[in-house]
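Heads up, the thing below is written out as structure tokens.
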Amino acid sequence: MELLGRTKDILGDLIAFPTVSRDSNLEMIAYLAEKLETAGAQVDIQLDLSGTKANLFATVGPDAPGGIVLSGHSDVVPVDDQPWSFDPFAMTEQDGLIYGRGSCDMKGFIAAATALADRFAGLELQRPVHFAFTYDEEIGCFGARALMQQLEKREHKPAMVIIGEPTEMRIIEGHKGCYEYSTHFHGSEGHGSAPELGVNAVEYAVRYAARLLELKDDLRGRADPMSRFNPPWTTVNLGALTGGSAHNVIASKARIDWEMRPVHSSDADFVKGQLEEYCTRHLLPAMQSVYPEAEIVTEVIGEMDGLEVVDENAARDLVASLTGTNDADVVAFGTEAGIFQKCGMNVVVCGPGSIMQAHKADEFLAESQLASCLDMLEKLADKLDRPAPRN
């Protein structure tokens, strides 16, 4: 109970940092850095370009290739207009549940990993244990991308990653990607009585949206009949279409906010290629024949890579040995896992709490889930404490 109590104390401190993605996470990163340094870790802080956010990458053990990363994101989603029963940034315990923004997504895992840092640091490790805590996962995984650029420059890279997103401690070996875009249409204004003299951006946005819906149907036909995802195909969603100013004014500007969740990166390439061809061959020539400065510009909000299921996955096998289950599943929600995987690491997603509680009012983490996570990490320490076999 001592370890669980210490972990809950850390979690309470973490929840108290209001690390909504639009705001700074520096105070929380400084707190974690102090905890990890005190435990004996070598800590590296990586600031973003604004200087208001940072990644933390810490290491215990030898400076050697391989090793395992315990990873979580520090940012949380907003609480604006949510009907909370408790102060979202003050941990509240009630009936075995721990309430607070970020309790399950995903400060519970960060607290557990931090609480075990001194245990890992006290081992005669043959391979290092790393702690990776990132910024801005919720709005595009920008921190993880910056971290990968840093890790690519290191002489020794980690071999395995456990990402502690809330999976109820189930082993997740794959998930879809999440690609978000805003496509902007720039036409020319005019009087509604003379539509041929202007370029109505809303009209072209509607045509673009119609093409997106056609591709949405096409993607069903590209689905692998053996896919484990539900639904098994890459999905497309039109989130918003905005533009125009009045009933009788030709709209000069419009915007479509949309996303796709690709099963495979090839599906994303297919959609983007088809849209580029449609704009180049059809929409832009029609727009620019009236107004040469007309444009269609797609802004990338975020491209979160999916976690591809692979036959050989040492991270998955390791977590299976720690949890005592060989069942591995796939999920629809996205994580930073695909970014680590593209960097050549074996990755698994497994952490405390339920994704059904994430992002909601009265977000909570069951204490039993936190205890299960600590049990997994303690077993990891036990496994790493064994001497390496002699050749």
Side-chain angles (χ1 to χ4, degrees), residues 1-4 6-8 10-11 36 39 41 58-62 64-73 104-133 158-175 307 309-331 335-337 340-341 345-355 365-389:
M1 290 300 294
E2 180 182 352
L3 177 60
L4 179 59
R6 185 152 50 93
T7 304
K8 289 182 356 184
I10 295 172
L11 178 54
L36 292 170
T59 302
V60 296
I68 186 165
V69 180
L70 304 177
S71 180
H73 62 82
C104 78
D105 187 21
M106 55 183 300
K107 293 180 177 181
F109 180 80
I110 293 175
T114 303
L116 264 296
D118 57 351
R119 172 76 190 282
F120 289 118
L123 304 178
E124 293 187 13
L125 296 169
Q126 303 299 313
R127 295 287 184 268
V129 174
H130 307 283
F131 304 82
F133 304 142
M160 294 183 284
V161 186
I162 299 174
I163 297 189
E165 289 278 6
T167 69
E168 298 178 283
M169 297 304 297
R170 294 182 301 127
I171 298 172
I172 302 302
E173 63 175 341
H175 64 69
L307 175 61
V309 177
V310 294
D311 292 335
E312 300 293 329
N313 186 335
R316 175 198 60 206
D317 297 342
L318 172 63
V319 172
S321 72
L322 300 176
T323 59
T325 177
N326 290 319
D327 295 333
D329 205 351
V330 298
V331 291
T335 77
E336 296 169 329
F340 285 93
Q341 187 180 56
M345 303 175 206
N346 285 266
V347 189
V348 67
V349 183
C350 182
S354 170
I355 195 65
L365 171 66
E367 183 176 301
S368 60
Q369 284 282 303
L370 187 60
S372 294
C373 181
L374 289 170
D375 182 63
M376 178 186 74
L377 295 177
E378 285 191 287
K379 288 179 179 177
L380 174 62
D382 291 339
K383 183 179 287 286
L384 296 176
D385 197 24
R386 297 172 185 171

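Please read all numbers here as calculations on a predicted model, not as lab measurements. The analysis underlying the following values was restricted to heavy atoms, covering all of them including side chains, and did not include hydrogens, waters or symmetry mates.
- Summarising the geometry of V349 relative to A337, their closest heavy-atom pair is CG2-CB, 3.9 Å, with the distance given to 0.1 Å.
- Smallest separation of non-hydrogen atoms from T59 and P128: CG2-CB, 3.8 Å.
- For the pair L70 and L380, the minimum side-chain heavy-atom distance is below 4.5 Å.
- Rounding to the nearest 0.5 Å places CG of D385 at 10.0 Å from CD of Q126.
- F120 has its side chain out of reach of I68: every pair of non-hydrogen atoms, C-beta onward, lies at least 4.5 Å apart.
- Tested against Q341, the residues V310, V161, N313, N346 include a single side chain to side chain contact (heavy atoms under 4.5 Å, CB included) partner, V310.
- R6 places a side-chain heavy atom less than 4.5 Å from the side chain of D118.
- Within the 4.5 Å cutoff, the side chain of L11 has heavy atoms near those of the L365 side chain.
- You'll find the side chain of N326 stays beyond 4.5 Å of the side chain of I171, heavy atoms only.
- With rounding to the nearest 0.5 Å, the separation of CG in L4 from CG in D375 is 11.5 Å.
- Rounded to the nearest 0.5 Å, atoms CG (L318) and CE (M376) are 8.5 Å apart.
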Review point. Can you check side-chain contact (heavy atoms from CB on, under 4.5 Å) on L384 and V129, steps first, answer last?
Key: CA-CA 9 Å; L384 296 176; V129 174; 3.5 Å; yes

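- Across A328 and R316, no two heavy atoms sit closer than the pair CB-CD, 4.1 Å.
- The distance from the CD atom of E367 to the OG1 atom of T7 is 10.5 Å, given to the nearest 0.5 Å.
- Here the straight-line distance linking atom CD1 of I355 with atom CG of D105 works out to 5.5 Å at 0.5 Å rounding.
- Taking every heavy atom of both residues into account, C104 and S354 meet most closely at SG-O, 3.6 Å.
- Side-chain contact between E165 and I172 is absent, with no heavy-atom pair separated by less than 4.5 Å.
- The minimum heavy-atom distance between Q369 and P352, with the atom names listed, is O-CB, 3.5 Å.
- For the residue pair V319 and C350, the shortest heavy atom distance occurs at CG1-SG, 4.0 Å.
- With contacts defined as side-chain heavy-atom distances shorter than 4.5 Å, the pair V60/F131 qualifies.
- Contact check for D382 versus R119: side-chain heavy atoms found under the 4.5 Å cut-off.
- How far CE of M160 is from CZ of R127: 10.0 Å, rounded to the nearest 0.5 Å.
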Review point. Checking side-chain contact (heavy atoms from CB on, under 4.5 Å) for the pair T335/L307: CA distance, chi angles, key distance, verdict?
Key: CA-CA 8 Å; T335 77; L307 175 61; 5.6 Å; no

